[in-house]
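To start, the structure itself, in structure tokens.
Heavy-atom basis, side chains included; hydrogens, waters and symmetry copies ignored. Small disclaimer: the values here were computed from a predicted structure and weren't measured.
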Amino acid sequence: MALPPSGTQWEIKHGSARATVVEVGGGIREYVRDGIDVLDPFPLDAMCDGAHNMPLVPWPNRISRGRYRFDDNDYQVALTEPAQNNAIHGLGRWSNWRLHEQEDNRLVV
């Protein structure tokens, strides 16, 4: 059976709450409590559009020209928003995250 576009799906539950975390981007595909969507879900057969429900690491916004300086070192990252000449929302959005621990009501990726 083929994996969905967002990769492996890891589900956790606690009481009436249930969340599904995805491999591609490490985000939350859906979070439901008492049968009501708490977060805006995206379908199993789709990739996350935009960056909703995704960890925006190591930066949550835009880096002009994709350049920054940290600890006396200069860095250049890919321009993921080339029309605006920016790098947007970090490096983890399209990376495959790995499962390290999983219990019924928690997981670590």
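- Within the 4.5 Å cutoff, the side chain of Pro55 has heavy atoms near those of the Trp97 side chain.
- Pairing each heavy atom of Pro60 with each of His89, the nearest pair is O-ND1, 2.8 Å.
- Tested against Val108 for a side chain to side chain contact (heavy atoms under 4.5 Å, CB included), the candidates Glu101, Glu103, Arg98, Gln102 yield a single pass: Glu101.
- The CD1 atom of Ile63 sits 12.0 Å away from atom OH of Tyr75, with the distance rounded to the nearest 0.5 Å.
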TODO: Test side chain to side chain contact (heavy atoms under 4.5 Å, CB included) on Tyr68 and Val77 and set out the steps.
DONE: CA-CA 9 Å; Tyr68 68 97; Val77 296; 4.0 Å; yes

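- In this structure, CZ on Arg62 lies 13.0 Å from CG on Leu79, to the nearest 0.5 angstrom.
- Between the CG atom in Asn53 and the CD atom in Glu30 there is a gap of 10.5 Å [rounded to 0.5 Å].
- Rounding to the nearest 0.5 Å gives a distance of 8.5 Å between CG of Leu39 and NE2 of His52.
- Annotation: side chain of Cys48 is not in contact with side chain of Val22 (no heavy-atom distance under 4.5 Å).
- For the atom pair CD of Glu11 and OG1 of Thr20, the computed distance is 4.5 Å after rounding to the nearest 0.5 Å.
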- [ ] Evaluate the criterion side chain to side chain contact (heavy atoms under 4.5 Å, CB included) for residue pair Val109 and His100; output intermediate values, then yes/no.
- [x] CA-CA 5 Å; Val109 294; His100 289 278; 5.7 Å; no

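- Looking at heavy atoms from C-beta onward, Ile12 lies out of side-chain contact with Asn105 at the 4.5 angstrom threshold.
- Tyr31 and Ala19 make their closest contact through CD1-CB, 4.0 Å (heavy atoms, listed as atom of the first residue, atom of the second, distance).
- Between Val24 and the options Arg29, Arg93, Met47, a side chain to side chain contact (heavy atoms under 4.5 Å, CB included) holds for only Met47.
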Open item on the list: One pair to check against side chain to side chain contact (heavy atoms under 4.5 Å, CB included): Trp10 and Glu23. What are the steps and the verdict?
Closed with: CA-CA 8 Å; Trp10 301 297; Glu23 174 185 12; 3.9 Å; yes

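- Annotation: side chain of Pro4 is not in contact with side chain of Asp45 (no heavy-atom distance under 4.5 Å).
- Here NE2 of His14 is found 11.0 Å from CG of Asp104. Values are rounded to the nearest 0.5 Å.
- Put simply, Val57 and Val21 are part of the same group of oily side chains (I, L, V, M, F, W, Y) that touch within less than 4.5 Å, one to the next.
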Open item on the list: side chain to side chain contact (heavy atoms under 4.5 Å, CB included), that's the test. Do Thr8 and Leu99 meet it? Break it down for me.
Closed with: CA-CA 10 Å; Thr8 302; Leu99 179 68; over 6 Å; no

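- Formation of a donor-acceptor pair under 3.5 Å by the Gln76 side chain with backbone atoms of Arg65 is found in this model.
- A pairwise comparison of heavy atoms in Ala87 and Ala78 identifies CB-O, 3.3 Å as the closest pair.
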